[in-house]
Amino acid sequence: MKLLCKPADERYPGAQALKVDVDAYLRRWDARAGTASWDLGALAEPQLLDDGASSAQRPLDRLSPAARRAVALGACMGHELDAATLSQLAEQSQAEVTALLREAESAGILAPQRSDDAPQPLDDDALRLRFLHDGMHQAAYAALPDAERRAVHLRLGRMAEARSQRQRSDEALFEATQHLNLGAPLIVEPRERAELAAMNLTAGLKAKERGAPPAAAGFFEAGISALPDGSFREDHELAFSLHAEAAECAYLGGQLERAESLLDVLAAEARSDLERARAHELRIAVYTTQGRLDQALALGKTALAMLGVYLPEEGPARKATADAELAAARAALGTRRLKDLLGEPGTSDARTRAALRLLMSLTLPAASVSPPLCTFIAARQVNLSLEHGHGGASPYGYMAYAWVAARMFRRYREAYELGELALDLNERSGQHELSCRLRLLLGAHISAFTKHLLSSLDLFKEAQEAGLRTGDLTYLAQACVHTALVRFGLGDECEAVRAEVDGFLSLARRAREELAIAALTSVRRALDELMSPARGGATLAPESGPVHGGLDEEKLAAPSYSAVAFIHHALKQQLCFLHEDHEGALRMGSLAEAKMQGGVGDHLATEVFFYTCLAQLSPALSRGRQLSVASLPSYRDRLAEWAEQCPDNYRHKHLLVRAESARAAGEELAAMKLYDQAIEVAKVNGFVRDEALASELCAKFHLASGRERIAHVYMTDAHEGYAQWGATAKVRQLSRKYPHLVARVSLLGQQSRPPEASAPASVERSGSLDAMAVLRASRAICGELVLERLFERLLRVLLESTGARRAVLLLERDGALTVEAERTIDLEASRIGPATPLDSAADLAVSVVQHVAQTQQPVVLAGTAADDRFADDPYVVEANGSSLLCVAMTHQGRLAGVLYMEGDAAAGAFRAGQVELCGLLASQAAVAVHNALRYREAQETSSELRRSNEALAAEVARLNEELRRARCETPSTQGDTRVEPA
């Protein structure tokens, strides 16, 4: 029996593997017609189930010897081959080779190389083919003995080298070098081996420029293997460069032993101060990765001294020297406009460029061990760049100086402008290897004090992408650490953050970044404690005992681990406070502050000030013993300063500390107002954890004054906020300590259905509204100005308040209703945008929505209860397991939208109280949506205005520059004339 059909479509999973096994029994395949025939009886044979290797070998065995050899030679060319090149390689005519390839094509080994997957006939003159899959290619490649394969690759390499000299393309160079490397054992003449080593150096540098460190490493290592004996003597520059580049790639790839082995060779063979400085720079990077920061600094001091740059000695004089260097940098920068720095000339002095790179490599170790030394290093980079001209690492020097300006002088906006200038300078210079570290410093140490933390997360993402491209694993790992810390501070869902931290830990372990591993482990442990379902007693404190993850107290006390110790103690402080161990919070805060030798340098440091203030103001401590609060005013002043500089990140924290201060001073009315403001600002800016914390403290304030009914509302909000954060232990703690205050909320943040929902209709409560439910629901949506968050909150409140299993929000836009968002009890089924016209919505009762929109009257349907108005709606007819509630949203007498809910028919129709509550929510939701839409329009208008102003300022600057050039070209006695912006 024969079957005639088209070949399997390889676009579908499994089709390729199936085709391989079938092709093993192929009897005839007409390649020009594009059809194949099989003997179906053969398909039933048991050997069809053999392993893939034998399946790939069988079609090769059926080829003629000449075709089998042609295919084997073609396999040396790669996964793709062409008849013209194979003809030259096999020393046969193109017609002969084409016939052999057609035989292999008919056997199902090769297929025409096309943009689509379906084989089609091609002219013999344009024949280009590819192996159907890797197994077939490997089987054909293995058909040649090793020695012959090397000889073939050597020929292919020489052929490709001749093409690369004509084409002058990187791809041709890569192809020639790869083939020659495979044939290198057959190259014995020293001159040709040296030429191959030089080709590998060039190819490696080009791969490095393209952001492919693994490929670059392969070329550099192959270049070292190709070097003839005595290379350091005969061609010292080539041998030194190959070893240096290979050492850097080994370090970036986490192969530290190989890196140190290569660095030992460099140290022994270095002939000049510049070469020794290069070797020391690479070893400093290895030491930094291993956490050997003192050794890194000592080596850097030696290397810089060879270049005429001297680091200050340890001791009291170090700070004075650093201050003097900093003053010189400030004075030099003060004589220039920041934008003028982009036009500063570059330096051709190799010693200056080497010194700048060494100073850059020492910045992170110095920041952890000796902040005054870090200050000196940052300022020295700026002074070197201004004195001698910009070198390759100059952008990093300006960014490091901006970090110092933010940390020491609190000149955050000036620091941010200088940081952006550093990014611009780096883009102009094309130093892509600096992209990761520049964005890390800007996001972690500068942007957090001027922009919303989401901007920092954007910078960290860009840093991670750049670090992966360039192989800058040390700064990539630090970007991962700061990402985890910022997401923890924002209150992003704990499970999601923990999953991301696990990925970061895997990356840091592969890179063997010891400090990053320790820091990420601290974050992981803090998340574990928050999420532990076994914890959550009335007085839950963090676990004591040895530090987790192999990080013991001795390591934490080491100077090189000061940054890790700071993170560890700062996170412990937050856990202590959240679990009402206020003395522990003060103790951990004190330990963390002791590690801030250089001042407040990132967002986590501001958290230490925040939680220290809250702990000092805790009623529990004031009832026990009087603690020293001398630092409270200064801490509060710092929070006020940050709130003014960056209200998005710090205003709610400052308001909460002020609220606690007012409570402690007995100013109840002021405290009430401040608590509400803190909650609202935290909500608007997306700080889920801080919103929950402010609600909890406000609830305790009202509870202490006997206002239990009000305390119930705030504590329920806190309970729900912590559940949304995913802090299971905290949720359990509140449930056990305040069972009379918190509503029943599941650990996923969804409130359970009210008990009366399942009660028989005969015993149902009256339809009167629960005042607390109204207040809680109203507060959840009022004041929310970000449209997407408003949609999410509104739908969540609807589900909680009605016990519905699905809620949909529709808005009126240009006279038509559109589905904007929907949410179900299953959070994974939530959707916000894009807007869908109601007419296109197949998953809701369109006729019900239209009726409510026209009449502005609510509609309630119970299961399949007959309602002639909607008898023709197919969704109503088919939804025999659902009850429906649909309510109009009106604003100033006009339709603003519709709220649509579905519930289980078994629970009966939505009750009068739920319908009334939804009606009130619909009115408030209409106002909230109106305000959010106006806010979005205002933001867009403001952004457009800002862009217009920036364009105007740029045009003014251009005109001023043209006037300046005109005055220089044509001397005049007239005074300076400038074009001022309108």
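- Taking the charged nitrogens against the carboxylate oxygens, D528 and R524 do have a contact shorter than 4.0 Å, which makes a salt bridge.
- A salt bridge is absent between E514 and R292: the closest approach of a Lys/Arg side-chain nitrogen to an acidic carboxylate oxygen does not fall below 4.0 angstrom.
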### Verdict with reasoning, E513 to T289, per side-chain hydrogen bond (donor to acceptor under 3.5 Å, both in side chains)
CA-CA 5 Å; E513 291 286 342; T289 293; 3.1 Å; yes
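- Remark: the Y251 side chain and the T474 side chain contain an N/O donor-acceptor pair separated by less than 3.5 Å.
- The main-chain N or O of P365 is never found under 3.5 Å from a side-chain atom of S368 such that the two would form a donor-acceptor pair.
- Using bins of under 30°, 30° to 60° and over 60° for the plane-to-plane angle, the ring pair Y412/F449 lands in the parallel bin.
- H445 has its ring centre less than 6.0 Å from the ring centre of H482.
- The closest side-chain donor-acceptor pair between Y475 and Q464, if any, does not fall under 3.5 angstrom.
- The aromatic rings of F577 and H582 sit perpendicular, their planes meeting at an angle over 60°, well past the 30° parallel limit.
- Atoms CD and CZ, on E493 and R498 in that order, are 9.5 Å from each other to the nearest 0.5 Å.
- Here the closest heavy-atom approach between residue T612 and residue G589 is recorded as OG1-CA, 4.3 Å.
- Looking at R651 and E644, no side-chain N of the basic residue comes within less than 4.0 Å of a carboxylate O on the acidic one, giving no salt bridge.
- Using a cutoff of 4.0 Å between basic side-chain nitrogens and carboxylate oxygens, E691 and R789 are not scored as salt-bridged.
- For the atom pair CZ (R510) and CG (L505), the distance works out to 11.0 Å, reported to the nearest 0.5 Å.
- Side-chain polar atoms of Q478 and R437 form no donor-acceptor pair below 3.5 angstrom.
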### Task
Kindly determine whether R512 and E257 satisfy salt bridge (charged side-chain N to carboxylate O under 4.0 Å, His left out), including the steps that lead there.
CA-CA 11 Å; R512 299 171 67 177; E257 290 82 5; 2.7 Å; yes
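- To the nearest 0.5 angstrom, M715 atom CE is 5.0 Å from Y738 atom OH.
- Judged by distance alone, with hydrogens and angles left aside, the side-chain atoms of H452 form a donor-acceptor pair with the main-chain N or O of N685 at under 3.5 Å.
- Separating the CD1 atom in I446 from the CG atom in L418 is a distance of 7.5 Å, to the nearest 0.5 Å.
- Checked against side-chain contact (heavy atoms from CB on, under 4.5 Å), E820 has the following partners two or more places apart in sequence or in another chain: F791, L811, R813, T818, A835.
- Expressed to the nearest 0.5 Å, how far SG of C436 lies from CG of D472 amounts to 5.0 Å.
- Between the side chains of E465 and S435, no donor N or O sits under 3.5 Å from an acceptor N or O.
- Using a 4.0 Å cut-off between charged side-chain N and carboxylate O, E417 and R413 make no salt bridge.
- For N649 (side chain) and K451 (main-chain N/O), a donor-acceptor pair under 3.5 Å exists by modelled atom type.
- For the residue pair K208 and A216, the shortest heavy atom distance occurs at N-CB, 3.9 Å.
- Looking at residues two or more places apart in sequence or on another chain, you find a salt bridge (charged side-chain N to carboxylate O under 4.0 Å, His left out) between E788 and R936.
- Looking at H652 and D690, their side chains do bring a donor and an acceptor atom within 3.5 Å of each other.
- No side-chain donor-acceptor contact under 3.5 Å links S590 to the backbone of R587.
- T288 places a side-chain N or O within donor-acceptor distance of the main-chain N or O of I284, the cut-off being under 3.5 Å.
- In summary, the side chains of Y561 and H568 do not present any donor paired with an acceptor at a separation below 3.5 Å, with no hydrogens or angles considered.
- Under 4.0 Å is where a charged nitrogen must lie from a carboxylate oxygen, and between E696 and K730 at least one such pair does.
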### Task
Kindly indicate, with the supporting measurements, whether the criterion salt bridge (charged side-chain N to carboxylate O under 4.0 Å, His left out) is fulfilled by E420 and R439.
CA-CA 10 Å; E420 286 192 315; R439 283 164 173 77; over 6 Å; no
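- With a 4.5 Å cut-off on side-chain heavy atoms, M588 and L591 count as touching.
- Judged by distance alone, with hydrogens and angles left aside, the side-chain atoms of T606 form no donor-acceptor pair with the main-chain N or O of D602 at under 3.5 Å.
- H719 and S735 share a donor-acceptor pair across their side chains, judged by distance under 3.5 Å alone.
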